[in-house]
**Q** 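To start, I am sharing the structure in question, which I have written as structure tokens.
Small disclaimer: the values here were computed from a predicted structure and weren't measured.
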Amino acid sequence: MKNHDTPEKNYDLERLIFFSDGVFAIAITLLVIELRPPEHWDGTWVGLLTPILAKLIFYVVSFFSLGLFWMAHRFIFRFTQKFDEIAALLNLVFLCLISVMPFVNAMASEHGMPPVVLQMYIGEMAAAALAAGLLWFYIAFIGKLTDPRLTTGFKIYGLFRLSLTPVIIAAGALWVGIRFGILPSIGFIFIAFFVTNRLHLEPFKATKTDET
């Protein structure tokens, strides 16, 4: 097992991050394919939005859900200084689940939310969040590939944030969107973003200089 921890090997870490960003960019772009104008549009806003409203809600929720997972990925590698082959494999598993999101979004857009599609949609979110948490757990606790100054409390906080936050926000936004419409759903997402980003811990251990 080799660790990519020498200066020249940092290029490999950059390649892993660039590849991951590419997968996110493609997955997010594919979401918009499901948004098509009505075949017989009457030239009014009502005639334009009514036929595609459900698809628009799923698009917004899926877009911001993928954005949440991208932010989770950025969180992980912000504190990762090196990686090994196991971490690279776990990252691929996470990206595999991310790349499935356009398909799940298409199922929801075409068929609404019967129990099977709802289970598929929330299950996809939960699986991706679990994969993100597993990746962080390996990097932070098993492989010890993070910045050595990170506190144990911050590592545990990161585990819960990565595993629970995306699912809770996505499920909440979806429920609000179905019950109350797209604008409340977007409002819920932004409020949840603000609240979760305000809840954070100091990542690094205090130095003697900080304590004085």
**Q** Looking only at non-hydrogen atoms, find the nearest pair between Tyr121 and Ser62 and report the distance.
**A** OH-OG, 2.6 Å
**Q** Considering only heavy atoms from C-beta outward, does the side chain of Phe19 approach that of Leu92 to under 4.5 Å?
**A** yes
**Q** Students often mix this up, so state it plainly: with edges at 30° and 60°, are the rings of Phe180 and Trp175 parallel, tilted or perpendicular?
**A** perpendicular
**Q** Flag the pair Met125 / Phe69 as yes when at least one side-chain heavy-atom distance between them is below 4.5 Å, and no otherwise.
**A** yes
**Q** Can you check whether Met120 reaches Glu124 side chain to side chain, under 4.5 Å on heavy atoms?
**A** no
**Q** Before you tell me yes or no, could you show the steps for Trp70 and Asp21 under side-chain contact (heavy atoms from CB on, under 4.5 Å), namely the whole-Å CA-CA distance, both residues' side-chain angles and the distance that decides it to 0.1 Å?
**A** CA-CA 8 Å; Trp70 176 79; Asp21 284 345; 3.0 Å; yes
**Q** Please identify which of these residues, Ile139, Leu16, Ile17, meets the side-chain contact (heavy atoms from CB on, under 4.5 Å) condition with Phe83.
**A** Leu16
**Q** Measure across Leu162 and Ala72 and return the closest heavy-atom pair with its distance rounded to 0.1 Å.
**A** CD2-CB, 3.3 Å
**Q** Of Val32, Ile28, Ile26, which meets side-chain contact (heavy atoms from CB on, under 4.5 Å) against Leu30?
**A** Ile26
**Q** Taking the side chain from Trp136 and the backbone from Lys155, do they hold a donor-acceptor pair closer than 3.5 Å?
**A** yes
**Q** Out of curiosity, Leu135 CG to Ile76 CD1, how far, rounded to the nearest 0.5 Å?
**A** 4.5 Å
**Q** Is there a side-chain contact (heavy atoms from CB on, under 4.5 Å) between Phe77 and Leu13? Walk through the geometry before answering.
**A** CA-CA 9 Å; Phe77 284 93; Leu13 181 59; 4.0 Å; yes
**Q** Report yes if the side chains of Pro148 and Gln81 come closer than 4.5 Å at any heavy-atom pair, otherwise no.
**A** yes
**Q** Is there a path of hydrophobic side-chain contacts, each under 4.5 Å between heavy atoms of I, L, V, M, F, W or Y residues, that connects Phe160 with Leu90?
**A** yes
**Q** With a 4.5 Å cut-off on side-chain heavy atoms, are Pro102 and Ile33 touching?
**A** no
**Q** Test Leu145 against Tyr138 for side-chain contact (heavy atoms from CB on, under 4.5 Å), laying out the working first.
**A** CA-CA 8 Å; Leu145 306 175; Tyr138 177 80; 4.1 Å; yes
**Q** Where do Leu95 and Ser20 come nearest, in terms of heavy atoms and distance?
**A** CD1-OG, 3.6 Å
**Q** Hey, any chance Leu97 and Ile86 share a hydrophobic cluster, counting ILVMFWY side chains that come within less than 4.5 Å of each other, even indirectly?
**A** no
**Q** Please tell me whether Phe75 and Phe154 form a close aromatic pair, meaning their ring centres lie under 6.0 Å apart.
**A** yes
**Q** In terms of hydrophobic clusters joined by side-chain contacts under 4.5 Å, are Phe63 and Val61 together?
**A** yes
**Q** Could you walk me through whether His73 and Asn91 pass the side-chain contact (heavy atoms from CB on, under 4.5 Å) check?
**A** CA-CA 9 Å; His73 192 269; Asn91 187 64; 2.8 Å; yes
**Q** Hydrophobic cluster membership, with links at side-chain heavy-atom distances under 4.5 Å among I/L/V/M/F/W/Y: are Tyr157 and Leu159 in one?
**A** yes
**Q** Report, as yes or no, whether the 6.0 Å neighbourhood of atom CZ on Phe141 holds more than 12 heavy atoms from other residues, nucleotides or ligands.
**A** yes
**Q** Work out which heavy atom in Ala129 is nearest to a heavy atom in Ser163; give both atom names and the distance.
**A** CB-O, 3.3 Å
**Q** How many angstroms lie between atom CZ of Phe24 and atom CE of Met101, to the nearest 0.5 angstrom?
**A** 10.0 Å
**Q** Looking only at heavy atoms, which two atoms of Lys82 and Thr80 are closest? And how far apart?
**A** O-CG2, 3.0 Å
**Q** In this structure, would Val23 and Leu130 fall into the same cluster of hydrophobic residues linked by side-chain contacts under 4.5 Å?
**A** no
**Q** At what distance, to the nearest 0.5 angstrom, does CZ of Phe137 lie from CD1 of Ile142?
**A** 4.5 Å
